[in-house]
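The next block holds one structure in the form of structure tokens; read it before the comments.
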There are 2 protein chains.
Amino acid sequence: MTDSQPMAAFRLHIAKKGLRHTKQREEILSALFSSKKHVTAEELFDILRSKVAGIGYATVQRNLNLLRECGLAEEVKIGNQKARYEPKRGKEHHDHLICLKCGRFIEVNDPRLEKLQDGLAKANGFAPLRHKLEIYGTCAKCA
Amino acid sequence: MTDSQPMAAFRLHIAKKGLRHTKQREEILSALFSSKKHVTAEELFDILRSKVAGIGYATVQRNLNLLRECGLAEEVKIGNQKARYEPKRGKEHHDHLICLKCGRFIEVNDPRLEKLQDGLAKANGFAPLRHKLEIYGTCAKCA
DNA sequence: CATCATGATGATAATGATTATCATTATCCA
DNA sequence: TGGATAATGATAATCATTATCATCATGATG
């Protein structure tokens, strides 16, 4: 099997930390990157049950956290709702437009935001690492 | 007692919804607006115990939600941590620089962000209502 | 001012998401 | 291949928040 780019990065991270490669980890990564929407741990768990006999919910959660650690997954959390995860390729960052009616997420990206972040931070003697911008409103379909 | 501006707004909201004015509500609002930092419900509860004999935790939580409803309080939530609340005067909006080391919140406000929000939204047929920007990094004291 | 319908409170249980525990299994290096 | 130990899976624990419910307080009414 030829490793996909994310899979290779995952293997590298695992090796660097002295962790082990497992079938579950492989499948979790694969399922996350195959998903077309932002999935919850539970949804991912349901998908994986049919592929990996006996896989446990805790394993999915644990490895989503691991993927988050190595920058391959990002968590999006709205209010007290269950966290959703999205695959992250490379270093590109994007923000979200979140529809309050249907819950849809629209991904957006604007380089001006990065500049604005740096400016705001610098003015306060703050060293920025990352940011999270969520714009709430109504999407076109729900208007 | 001369009502403060927020207290008047609170009374108005309560009246409009057919709710009742209570000593607890008054004290919760007052304590929130007296706090110098972003407080958790628990911290507010501890402050209030000495002022209002027998006040319950649930009452504080309930009324923080009520204050949020009528725009007098704003909730800030980082990861899985306990929610923090800040008093909100009028309609001014601000965002947060959040220090990953000491947990300090710095409030910032830049009108360019509002324009950026509107631009991003319009480009996606999205009607924006509000946004939340959190910039994570290291503050000057923790550098 | 007294009555009373009902909203609010306070104590506590319930909920729900996430994390910790632990016995067992699987990985992978020597 | 053996063995040290990380990972897994099942489940319990945790923790913040919300729901429940008996009792109390508010405020409109007479």
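Computed from a prediction, not measured in an experiment: that's the story for all the values here. Sequence lines set the chain letters: A, B, ... in the order given, protein chains first and strands last, and positions in each chain run from 1.
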Provide, to the nearest angstrom, the distance between the [atom1] atom belonging to [X] and the [atom2] atom belonging to [N].
X	N	atom1	atom2	value
B:Gln61	C:dT12	CD	P	17 Å
A:Ile55	D:dG9	CD1	P	5 Å
B:Gln81	D:dT17	CD	C1'	16 Å
B:Ile28	C:dA8	CD1	P	12 Å
A:Lys17	C:dT27	NZ	C1'	18 Å
B:Leu66	D:dT18	CG	C1'	15 Å

Check the phosphate of [N] against [X], side-chain N and O only, distance under 4.0 Å to OP1 or OP2. Yes or no?
X	N	value
A:Gln24	C:dA26	no
B:Asn80	D:dC15	no
A:Asn63	D:dT8	yes

Side chain A:Asn124, main chain A:Phe126, donor-acceptor under 3.5 Å
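No, A:Asn124 side chain to A:Phe126 backbone: no donor-acceptor pair under 3.5 Å.
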Donor-acceptor pair, side chain of A:Ser34 and main chain of A:Ser30, under 3.5 angstrom
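Here the side-chain-to-backbone pair exists.
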Among B:Arg25, B:Arg68, B:Glu27, find the residue that satisfies the side-chain hydrogen bond (donor to acceptor under 3.5 Å, both in side chains) test when tested with B:Asn63.
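One option only clears the test, and that one is B:Arg25.
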For A:Arg25, answer base if it contacts any base atom (sugar-phosphate contacts may also be present), sugar-phosphate if it contacts only those atoms, and nothing otherwise; contact means non-hydrogen atoms under 4.0 Å.
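The residue A:Arg25 makes sugar-phosphate contact but no base contact.
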Answer with base, sugar-phosphate or nothing: what part of the nucleic acid does A:Ala41 contact at a heavy-atom distance below 4.0 Å?
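Touches nothing.
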From [options], nucleotide with atom closest to [X] side chain:
X	options	answer
A:Ala83	D:dG9, C:dT18, D:dT18	C:dT18
A:Arg62	C:dT19, D:dT18, C:dT21	C:dT21
B:Lys82	D:dT17, C:dT18, C:dG10	D:dT17

Assess the side chains of B:Gln117 and B:His131: does a donor N or O sit below 3.5 Å from an acceptor N or O?
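Yes, side-chain donor-acceptor contact under 3.5 Å.
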Any side-chain donor-acceptor pair under 3.5 Å between A:His38 and A:Glu43?
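Result is no, nothing qualifies.
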Mapping B:Tyr57 and B:Leu19 onto DNA chain D by nearest heavy atom, which one lands closer to the 5' end?
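First, find each residue's nearest nucleotide; the 5'-ward one identifies B:Tyr57.
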B:Glu69 and B:Lys17 ion-paired at < 4.0 Å
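Between B:Lys17 and B:Glu69 there is a salt bridge, with a charged N closer than 4.0 Å to a carboxylate O.
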Pair A:Glu75 + A:Arg84: basic N to acidic O under 4.0 Å:
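Salt bridge absent between A:Glu75 and A:Arg84.
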Tabulate protein N/O versus nucleotide N/O from nucleotides 23-26 of chain D, keeping only pairs under 3.5 Å, one per line.
residue, atom, partner, partner atom, Å
D:dT26, O2, B:Arg20, NH1, 3.0
D:dT26, O2, B:Arg20, NH2, 3.4

